[in-house]
Structure formats: C-alpha cells, structure tokens
Amino acid sequence: MLPELRVLYFEDLEVGLSETLSKTIASSDVVGFAEITGDRNPIHLSEHFAARTPFGTRIAHGLYTAGLISAVLGTRLPGPGAVYISQTLNFRAPVRIGDVVEVTVTVAELMPERRRARLACQCSVAGETVLDGEALVKVPTKAEADPLASRTERQQG
Ligand SMILES: C[C@@H](O)CC(=O)SCCNC(=O)CCNC(=O)[C@H](O)C(C)(C)COP(=O)(O)OP(=O)(O)OC[C@H]1O[C@@H](n2cnc3c(N)ncnc32)[C@H](O)[C@@H]1OP(=O)(O)O
C-alpha cells in the first residue's frame, strides 16, 4: 500500500520527529527496478547465479531499498515539496525477496537560515540494520509553499 501524503513545512519540523514505513520486497519490485534502471545484475534476477554468491539467493538492488527512504522523505517526512540535496548510504546486510523492510527517518538537525534538514535514515529487516545513512533535504516554509494562504493568514490575525 502506498503511504498517504502528508505535508510538513520547515516550521513544523523538530529534532527527533520520526516516521516509519514498512514494505515487503516482492520479486516483481526487483525485476521492475532492473527494467527501469537497466541494472540487470544477475545477483538480483537469476536464482541460478545468486545461489553461487555468498548470499545464496537473489537480493534486492541496494538503490531500490534506498528508494524507500526517498518515499518517506517525499510523502511523509517532510513530505510533498521536499527536495533532495544529498544522501549517504551504507549497505550493511542484504535484503532478500520476501523480506519486510522497515524504514525509519528521523530529523537530526535543522538549519533554519537555508531551510535545510538533516535526517538519519535506517532500514532494517527483522531488527537487523540492512542500510543506514543521512539525508540532507531542502524543506519549503509554509509561506514559500502557499504564499497566498500565508498572506491571508497574516491579514486575518
Ligand atoms: C551494483 C548493484 O547491482 C549491486 C547491489 O545493489 S548489491 C545490493 C546492495 N548491497 C548489499 O546488499 C550488501 C549488504 N552488505 C553486506 O552484505 C556486507 O556488508 C558486505 C558483504 C558488503 C561486507 O561484509 P564483510 O565483507 O563480511 O565485512 P565485515 O562484516 O567483515 O566488516 C568489516 C568492516 O567493514 C565494515 N563494513 C562492512 N560492510 C559495511 C558497509 N556496508 N558499510 C559500512 N561499513 C561496513 C564493518 O563494520 C567492519 O568494520 P570494523 O570497524 O572492522 O568492525
């Protein structure tokens, strides 16, 4: 199921604010990711090939798992209007087909002068961290996102 959209403006954010999303990794997700990116590494697509790797079975593309972080940033925290500036990624353990990936994004630092937020990102499977890193995003203020509404609010109150 797709996460419901929620907009948080820069002024709504505070350090420690956190959001979690859960996703079961389907074979069709991995095949689809291979098709749209062109990364047809057989470690993702061929059971025969993957059986001979240390993982023993097909694993998800690291950047597909990382894409779930982008989904949290773009739909929930901060949500629509957020703009990626940078993202660090450590792929700490493999994600296999059928794994349930839990993605947690937490506001770590706010930089009001440039409307930047630094967020700690973690993906885990059954309690084990499979990916972690940090995102830097530009977050619109309410006035930037909706100048008309914000002017009306100022006039009224
Ligand atoms: C290009 C695409 O088509 C391919 C993909 O997308 S593959 C999918 C994405 N990648 C993965 O799923 C890999 C997941 N990671 C792992 O399985 C393991 O981390 C590893 C096999 C890459 C490395 O494991 P290993 O060789 O066993 O290393 P150690 O556990 O012995 O650790 C040694 C030290 O290195 C540190 N370390 C290991 N992995 C990472 C990492 N991914 N990021 C950061 N640091 C890592 C580990 O902490 C040890 O440090 P220490 O100070 O010595 O304790």
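Both ligands and their constituent atoms are indexed starting at 1 by order of listing.
At a heavy-atom cutoff of 4.0 Å, ligand 1 is surrounded by D39, N41, H44, F55, I59, A60, H61, G62, N90, F91, R92, A93, P94.
Residue R40 qualifies as open at atom CZ: its count of foreign heavy atoms under 6.0 Å is 12 or below.
For the atom pair CD1 (I59) and OH (Y64), the distance works out to 14.5 Å, reported to the nearest 0.5 Å.
Every residue two or more places apart in sequence or in another chain that forms a salt bridge (charged side-chain N to carboxylate O under 4.0 Å, His left out) with K23 is listed here: D29.
Of the options T129, T104, T106, a side chain to side chain donor-acceptor pair (under 3.5 Å) to Q122 is made by T129 and by none of the others.
Apart from V7 itself, the hydrophobic cluster it occupies contains Y9, where clustering links Ile, Leu, Val, Met, Phe, Trp and Tyr at side-chain heavy-atom distances under 4.5 Å.
Identified under the salt bridge (charged side-chain N to carboxylate O under 4.0 Å, His left out) test for residues 95-114, with sequence neighbours left out: E109-R118.
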